[in-house]
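Worksheet: the structure to be examined is printed underneath.
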Amino acid sequence: MNQFLKGCNLYLVGMMGSGKTTIAQILAPQLEYRYFDTDRLIEQVAGQSIPEIFAESGEAAFRELETKVLSELCAYTHLVVATGGGIILNRKNWSYLQHGVVVWLDVPVEQLYQRLEGDTTRPLLRDPDPMAKLRSLLDQRQSLYSQADVRVIVGPEDAPEQIATGVLSEISKILKHRVNQN
């Protein structure tokens, strides 16, 4: 796999609760890459948790920090990056993401809801109807997620290791295709 990636970063995108952090943590050592999570880096830069950033400064300020963190990460190579679910909303972020391979972890809304039920750390889910909110967010974002280089559909029974293997398999297909085109 490394011979095809040639140090190219992997960026995992998808809805909150899709498993980006877990899968990135599995992939990084397999690829001999470093792992980063944009949300954790934002918290370090801000010196605040994401809920605190949303509460005190608003979503727009959070999105600015997200773009700043991503712009700095894309200057490096050999990274697996778990991104925040809304990172794809900013067109500028796509210019950074496209320096690497973008992988969409596509998880059905019902499965996301089951994973996130009771999670009080997600500002965008602080809604009277979290399931409707998840549907709405996915409806807004699906066309953007679909621009990823690779789409991995995640089923309810899929273990993280299986998903990571699926990601590597899909990446190898597109990279072999790119090599054959050149």
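What you see is a predicted model; the values in this text were computed from it and never measured.
Summarising the geometry of Tyr96 relative to Cys74, their closest heavy-atom pair is CD2-SG, 3.5 Å, with the distance given to 0.1 Å. In this structure, Pro123 and Pro51 approach most closely via the heavy-atom pair CG-CA, 3.8 Å. Among all heavy-atom pairs drawn from Ile42 and Glu66, the shortest one is CD1-CA, 3.5 Å.
From His99, atom NE2 reaches atom OG of Ser71 across 10.5 Å, with rounding to the nearest 0.5 Å. Between atom CG of residue Leu65 and atom CD of residue Gln48 there is a gap of 9.0 Å, rounded to the nearest 0.5 Å. Leu112 CG to Met131 CE: the interatomic distance, rounded to the nearest 0.5 Å, is 9.0 Å. To the nearest 0.5 Å, the span separating CD1 on Ile53 from CZ on Arg63 amounts to 11.0 Å. Atoms OG1 and CG, from Thr120 and Leu125 in turn, are 10.5 Å apart once rounded to the nearest 0.5 Å. Expressed to the nearest 0.5 Å, how far CG of Leu124 lies from CD of Glu59 amounts to 5.0 Å.
Residues satisfying the ring pair (Phe, Tyr, Trp, His ring centres under 6.0 Å) test with Tyr145, not counting sequence neighbours, are Trp104. Considering only residues two or more places apart in sequence or on other chains, Asp119 meets the side chain to side chain donor-acceptor pair (under 3.5 Å) condition with Thr121, Arg122. With sequence neighbours excluded, the residues that form a side-chain contact (heavy atoms from CB on, under 4.5 Å) with Glu43 are Arg40, Ser49, Ile50.
Using a distance-only test at 3.5 Å, with no hydrogens or angles considered, a donor-acceptor pair links the side chain of Ser172 to the main chain of Ser169. Between the side chain of Thr77 and the backbone N or O of Cys8, no donor-acceptor pair lies under 3.5 Å. Looking only at distances, no side-chain donor or acceptor of Asn93 sits under 3.5 Å from a matching main-chain atom of Ile88.
Using a 4.5 Å cut-off on side-chain heavy atoms (C-beta onward), Phe62 and Asp39 make contact. At a threshold of 4.5 Å between non-hydrogen side-chain atoms, the residues Leu138 and Leu134 do not count as touching. Two residues are said to be in side-chain contact when any heavy atoms from C-beta on lie closer than 4.5 Å; Arg91 and Ser95 fail this criterion. Taking the side chain as every heavy atom from C-beta outward, Asp106 and Val154 never approach each other to under 4.5 Å. Between Leu105 and Ile23, the closest side-chain pair of non-hydrogen atoms falls below 4.5 Å.
Salt bridge status for Glu64 with Lys68: absent, with no side-chain N to carboxylate O gap under 4.0 Å.
Taken together through direct or relayed side-chain contacts under 4.5 Å among Ile, Leu, Val, Met, Phe, Trp and Tyr, Tyr76 and Phe36 form part of one hydrophobic cluster. Taken together through direct or relayed side-chain contacts under 4.5 Å among Ile, Leu, Val, Met, Phe, Trp and Tyr, Ile153 and Val101 form parts of separate hydrophobic clusters. No path of Ile, Leu, Val, Met, Phe, Trp and Tyr side chains, each step under 4.5 Å between heavy atoms, connects Tyr35 with Leu97, placing them in separate hydrophobic clusters.
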- prompt: What's the verdict on side-chain contact (heavy atoms from CB on, under 4.5 Å) for His78 and Leu5, showing C-alpha distance, side-chain angles and the deciding distance?
  reply: CA-CA 9 Å; His78 299 86; Leu5 278 173; over 6 Å; no
task: Please lay out, stage by stage, how Val152 and Val103 fare under the test side-chain contact (heavy atoms from CB on, under 4.5 Å).
output: CA-CA 7 Å; Val152 175; Val103 177; 4.3 Å; yes
Throw together a table of side-chain donor-acceptor distances under 3.5 angstrom for residues 157-168, partners on residues two or more places apart or in other chains.
unit_1: Asp158; atom_1: OD2; unit_2: Gly155; atom_2: N; d: 2.7
unit_1: Gln162; atom_1: OE1; unit_2: Ala159; atom_2: N; d: 2.7
unit_1: Thr165; atom_1: OG1; unit_2: Glu161; atom_2: O; d: 3.0

Show every donor-acceptor pair shorter than 3.5 Å between a side-chain atom in residues 10-21 and any protein atom, with sequence neighbours excluded, or say none if there are none.
unit_1: Tyr11; atom_1: OH; unit_2: Asn9; atom_2: ND2; d: 3.1
unit_1: Ser18; atom_1: OG; unit_2: Met15; atom_2: O; d: 2.8
unit_1: Lys20; atom_1: NZ; unit_2: Gly14; atom_2: O; d: 2.9
unit_1: Lys20; atom_1: NZ; unit_2: Met15; atom_2: O; d: 2.9
unit_1: Thr21; atom_1: OG1; unit_2: Asp37; atom_2: OD2; d: 2.5

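Pairs engaging residues 133-145 under the salt bridge (charged side-chain N to carboxylate O under 4.0 Å, His left out) rule: Glu110-Arg135 [sequence neighbours left out].
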